[in-house]
Undergrad: 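Here you go, one structure.
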Amino acid sequence: MGRRREKMTEYERRRLENIKRNEQMLAALNIQSRLNDLTTAKRQRDQSKSYKRSPIKKPKTEGPVVLRRSLRTRGVPPDAATASGLSDDIDDKKQMEKTSPLKSFSAERKSPRKQGPLQMKDAYSNDDESDRKLIETISQCFENSLMSERDTVDLGSSKFLEKKEGYGAFEPGKRVLGSVDVEALQLKRDNVARLVSGRITSLRFFPTLGMSMVVVGNKFGNVGFWNVNAEKEDGDGIYLYHPHPGPISGIVIDPFSISKVYSSCYDGFIRLMDVEKEVFDMVHYSEDSIYSISLSPNDTKSLYFSEGMGVVSMWDMRAGKSSFSCDLHEKRVNTLDFNSGNGNLMATSSTDGTACIWDLRHLSAGKPKSLKTVDHKRSVHSAYFSPTGKFLATTSIADKVGLSSGSNYEDTSMIYHYNQTGRWISPFRGIWGWDDSSIFIGNMKRGVDVISVEEKKTVATLESDYMSAIPCRFDAHPYNVGMLAGATSGGQVYIWTP
DNA sequence: GCCTGCCTTATGGAC
DNA sequence: GTCCATCCAGGCAGGC
């Protein structure tokens with residue numbers, strides 16, 4: 001079962017005491033048996049749900065969502081804020097007290113906003129079982145990958161090409177895109193789970209053949225892990241942490257060291273979960289919101305991230321400081337991606353309505369010029385290079401998926417795709433499959449559309465009765481061709497397999 | 001041009 | 001089965 005429990009809070013203790021008192025009163029009134037009937041009826045309804053869920057009701061521990069605005073966006077100079085005695089924490093506490101009916105709970109709520117390292121055991125939120133198995137699994141897989149050349153990632157070439165060779169002896173007449181028969185992809189009942197509560201904002205597969213594990217981030221700052229192939233005796237294979245105070249904007253796993261998982265947050269934190277040290281180390285803290293992160297394929301010690309209104313910076317892990325910072329867009333940068341064929345090329349997508357390709361060698365302070373700009377007129381929520389790097393796929397609120405190709409990406413086609421997700425569903429982002437032939441993107445009818453690069457249109461849709469919500473974030477397993485993960489705004493994850 | 005308010009959507013939980 | 005709260009988007013209209 002996809003159980004997810006959080007540590008008992010002061011609020012919950014008080015609540016349980018109240019429940020106990022009420023039960024005593026009900027017993028005195030002799031109506032307990034009727035309540036039991038109602039509980040049974042509710043349990044039956046719960047079991048009819050298609051997804052895995054906890055049998056124990058979880059109290060809402062996330063508290064009210066607090067809007068965080070940087071000094072910069074508020075137009076307040078840092079000195080002025082300090083002088084007036086304001087801090088984010090104080091600001092937030094005041095806002096919590098104003099907006100939450102649970103004042104005492106909100107004020108006492110322990111927030112991972114504190115700077116500095118955070119022990120994994122302190123951030124661990126499942127109180128029913130230990131995270132020891134997760135740590136052992138990742139550590140073991142990391143050690144195995146060090147010993148096996150097979151797991152070594154060559155970031156200088158396509159991350160998929162080597163693995164896809166020899167894959168797929170498909171029946172003629174089937175919808176085969178490149179190396180994958182998309183009609184053969186299926187969603188098994190066991191490959192559906194709810195990892196976290198609320199909206200999933202980021203999703204990643206661990207880049208290793210050794211295991212099928214996904215990591216997700218949600219809007220409350222939780223990070224959830226799911227070992228899809230966990231043995232039954234090891235429980236459900238789901239582990240939940242709370243290392244961030246706000247929505248997780250990006251997750252990146254070091255392909256050369258899968259025991260290192262980076263995560264960024266709207267609240268300005270970048271943390272590195274180091275499984276060997278069992279810590280969520282603080283890599284960087286910014287006054288501005290961080291909207292995306294990406295590792296350089298040329299140097300995995302260089303972490304690129306976007307912050308505030310269009311700024312892209314690089315954090316040098318060795319030096320422990322920011323190496324450069326450029327103002328690349330008018331508004332927030334939603335994604336950063338690197339070209340696997342040429343690590344100097346970086347693609348950005350922005351709410352300013354454009355997606356751009358930049359040459360890192362020619363980025364300088366001030367207003368640098370992009371190699372290529374794809375103009376969507378309205379917000380662009382993703383810009384991803386294809387596995388070989390020959391294409392760039394951009395997804396926009398303007399109901400378009402852009403496809404750029406050519407030696408300088410000068411040929412751009414616009415493919416219609418309905419992208420009006422509204423307020424509650426994270427904007428769709430078209431991702432590449434395991435080769436340059438297809439793009440996977442969610443649709444509002446609880447399906448996954450497959451766009452053919454050759455035909456420049458949607459050619460297939462993955463659908464399943466087990467998919468009870470709209471999948472809006474995806475990741476293709478880097479080595480298991482045909483293994484596709486989709487995540488929803490309800491905290492569920494679906495794993496499609498060949 | 002800037003600010004404010006309104007509208008849209010899907011989901012899970014409570015009842 | 002129905003209702004309601006959610007609320008870290010984004011566009012648009014209207015007012016200043």
Side-chain angles (χ1 to χ4, degrees), chain A residues 2 4 34-35 37-39 41-46 48-70 73-75 88 91-92 95-96 98-102 113 194-202 217-221 244-250 264-269 286 288-292 306-309 330-334 349-353 376-382 395-399 418-429 442-447 467-473 487-492:
Chain A
R4 188 183 59 75
R34 175 62 184 146
L35 267 180
D37 291 345
L38 290 171
T39 310
K42 186 178 187 306
R43 199 176 301 130
Q44 282 167 351
R45 280 200 301 274
D46 286 349
S48 69
K49 296 267 187 182
S50 61
Y51 47 78
K52 299 175 181 181
R53 59 182 305 172
S54 167
I56 296 172
K57 183 181 156 301
K58 186 192 88 61
K60 268 197 169 181
T61 57
E62 290 80 11
V65 174
V66 179
L67 277 172
R68 176 179 182 275
R69 290 193 176 85
S70 70
T73 52
R74 281 181 288 178
D88 278 351
D91 243 5
D92 291 350
Q95 198 158 348
M96 276 181 175
K98 206 161 76 177
T99 56
S100 170
L102 308 169
R113 174 154 296 167
R194 176 169 293 153
L195 271 63
V196 291
S197 64
R199 181 191 304 188
I200 290 176
T201 49
S202 305
N218 74 353
K219 66 174 180 177
F220 298 122
H244 286 287
I248 309 282
S249 51
S264 63
C265 167
Y266 276 31
D267 282 50
F269 287 89
S286 166
D288 288 317
S289 291
I290 294 177
Y291 293 112
S292 55
S306 67
E307 57 183 327
M309 298 293 272
E330 296 296 320
K331 292 185 178 174
R332 56 185 266 186
V333 173
N334 297 307
S349 64
S350 170
T351 299
D352 69 7
H376 277 279
K377 308 288 188 221
R378 291 170 68 185
S379 290
V380 189
H381 275 279
S382 67
T395 308
S396 152
I397 287 289
D399 293 337
Y418 185 76
N419 293 332
Q420 303 304 308
T421 52
R423 188 179 186 178
W424 314 120
I425 308 295
S426 297
F428 292 144
R429 293 175 174 177
N443 72 31
M444 293 299 279
K445 294 177 180 171
R446 298 176 184 174
M467 204 151 66
S468 59
I470 295 167
C472 47
R473 291 291 145 90
T488 75
S489 284
Q492 294 132 309

Undergrad: Looking at C:dC8, C:dA9, C:dG11, which one has an atom nearest to any side-chain atom of A:P247?
TA: C:dC8
Undergrad: Tell me every residue that passes side chain to side chain donor-acceptor pair (under 3.5 Å) with A:T488, counting only those two or more places apart in sequence or in another chain.
TA: A:Q492
Undergrad: How many whole angstroms separate atom CZ of A:R429 from atom C1' of C:dA9?
TA: 13 Å
Undergrad: Using side chain to side chain donor-acceptor pair (under 3.5 Å) as the criterion, list what pairs up with A:H381, not counting sequence neighbours.
TA: none
Undergrad: On a whole-Å scale, what distance lies between the C1' atoms belonging to C:dC8 and B:dG13?
TA: 22 Å
Undergrad: With respect to the phosphate group of C:dA9, does any side-chain polar atom (N or O) of A:Y291 fall under 4.0 Å of OP1 or OP2?
TA: no
Undergrad: I want to check one thing: is the phosphate of B:dG12, taken as OP1 and OP2, less than 4.0 Å away from some side-chain N or O of A:R199?
TA: no
Undergrad: With the criterion set at under 5.5 Å between ring centres and under 30 degrees between planes, would C:dT6 be stacked on A:W424?
TA: yes
Undergrad: So if I take every side-chain heavy atom of A:Q492 and compare against B:dG12, C:dC8, B:dA10, which nucleotide ends up nearest?
TA: B:dG12
Undergrad: Compare all side-chain heavy atoms of A:S489 with those of A:W424 and state whether any distance is below 4.5 angstrom.
TA: no
Undergrad: Quick check on side chain to side chain contact (heavy atoms under 4.5 Å, CB included): which of A:P247, A:S197, A:S202 does A:N218 satisfy it with?
TA: A:S197
Undergrad: Could you check whether A:S489 gets within reach of a base, just the sugar-phosphate, or nothing at all, counting any heavy atom under 4.0 Å?
TA: nothing
Undergrad: Can you sort out the partners of A:T351 under side chain to side chain donor-acceptor pair (under 3.5 Å), two or more places apart, ordered by chain and number?
TA: A:N334
Undergrad: So, using ring pair (Phe, Tyr, Trp, His ring centres under 6.0 Å) as the criterion, who are the partners of A:F428 when residues are at least two apart?
TA: none
Undergrad: Between B:dA10, C:dG10, C:dT6, which nucleotide has the shortest distance from any of its atoms to the side chain of A:H381?
TA: C:dG10
Undergrad: Identify, with sequence neighbours excluded, every residue that meets side chain to side chain donor-acceptor pair (under 3.5 Å) alongside A:S292.
TA: A:S306
Undergrad: In dot-bracket notation, what is the pairing pattern of DNA chain C, taking Watson-Crick (N1-N3 plus N6-O4 or O6-N4) and G-U wobble (N1-O2 and O6-N3) contacts under 3.5 Å, with [ ] crossing and | for other strands?
TA: ||||||..||||||||
Undergrad: Of A:G246 and A:K331, whose nearest nucleotide on DNA chain C comes first from the 5' end?
TA: A:G246
Undergrad: With a 4.0 Å limit, can you tell me whether A:R378 has a side-chain N or O closer than that to the phosphate oxygens OP1/OP2 of C:dG10?
TA: no
Undergrad: Just compare B:dG12, C:dC7, C:dC8 and give me whichever is closest to any side-chain atom of A:K219.
TA: C:dC7
